[in-house]
Amino acid sequence: MIWTSNFLHSDYGSLTVLIQKDIGGLEILSNSSFWIPAPVIPNHVLINIGDLLEFWTKGLFKSTVHRVVARNNKTSGDKNFAPDNDRYSIAYFCHAEDDVGLDPIPSKIIDVLDENTKVWDKVGYKEGAKGKVITSGEHLRYRLDVSYKYC
Ligand SMILES: O=C(O)CCC(=O)C(=O)O
Ligand SMILES: [Fe+2]
């Protein structure tokens, strides 16, 4: 898949396993709205939390907003930059079965948290959807419909 630099998004599933080769470019949006470059660590995979885990934990685990920036600045001091090379990554998206509800998992830690409205706002659900238990399949369909236009 080819990413453009301004395609910021959170992942739709529970976890994403990401394998990056040599060149950085993945950036994570911090709480204070700064973009933080994710380092490329040789022989390691990067695990990204997706929307489903944020729903299941009432926001205790954050579905990170991220983007991939095509880097071609030859003066950059980042040793992960390789301006003349292509960038390759492989993402494995873990999803739940379509009929799995996105209500919080039973847990003493999660029970006491307030209803997580951040994930609803981040995903862009309408007011009326808040507080309803939607399913993994409904969530995936919604995210795909918003992100892509079908012929
Ligand atoms: O290529 C990457 O580093 C990340 C790609 C990504 O964010 C995605 O496939 O959802
Ligand atoms: Fe992603």
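Keep in mind that what you see is a predicted model, and the values were worked out from it rather than measured. Any value given below was found using the heavy atoms of this structure, including those in side chains, with hydrogens, waters and symmetry copies removed. Order of listing sets the numbers, starting from 1, for every ligand and every atom in it.
- No more than 12 heavy atoms of other residues, nucleotides or ligands lie within 6.0 Å of CD1 in Ile109, so this atom counts as exposed by the packing criterion.
- Residue contact check for ligand 1: His9 places a non-hydrogen atom closer than 4.0 Å to it.
- Atoms of ligand 1 lying under 4.0 Å from any heavy atom of Ser89, numbered from 1 in the order shown and given with element: 1 (O), 2 (C).
- Atom numbering of ligand 1 starts at 1 in the shown order; those under 4.0 Å from a heavy atom of Val68 are 1 (O), 2 (C), 3 (O), 4 (C).
- Under 4.0 Å from ligand 1, not a single heavy atom of Asn48 appears.
- The minimum heavy-atom distance linking Leu140 with His95 is given by the pair CD1-CE1, 3.7 Å.
- Of all atoms in ligand 1, numbered sequentially from 1 with element shown, those under 4.0 Å from a heavy atom of His66 are 7 (O).
- The main-chain N or O of Cys94 is found under 3.5 Å from a side-chain atom of Ser14 such that the two form a donor-acceptor pair.
- Close contacts of ligand 1 with Arg87, meaning ligand atoms under 4.0 Å from a residue heavy atom, involve 1 (O), 2 (C), 3 (O).
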Pair Arg143, Asp51 - check salt bridge (charged side-chain N to carboxylate O under 4.0 Å, His left out), show working.
CA-CA 10 Å; Arg143 296 291 320 260; Asp51 296 342; 2.5 Å; yes
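- Here the closest heavy-atom approach between residue Ala96 and residue Ser136 is recorded as O-OG, 3.5 Å.
- By the criterion of a heavy-atom distance under 4.0 Å, the side chain of Asp11, and not its backbone, is placed next to ligand 1.
- When distances from the Fe ion (ligand 2) to the N, O or S atoms of Asp11 are compared, OD1 comes out shortest.
- Taking CG from Leu46 and CD1 from Ile19, the interatomic distance works out to 10.5 Å, rounded to the nearest 0.5 Å.
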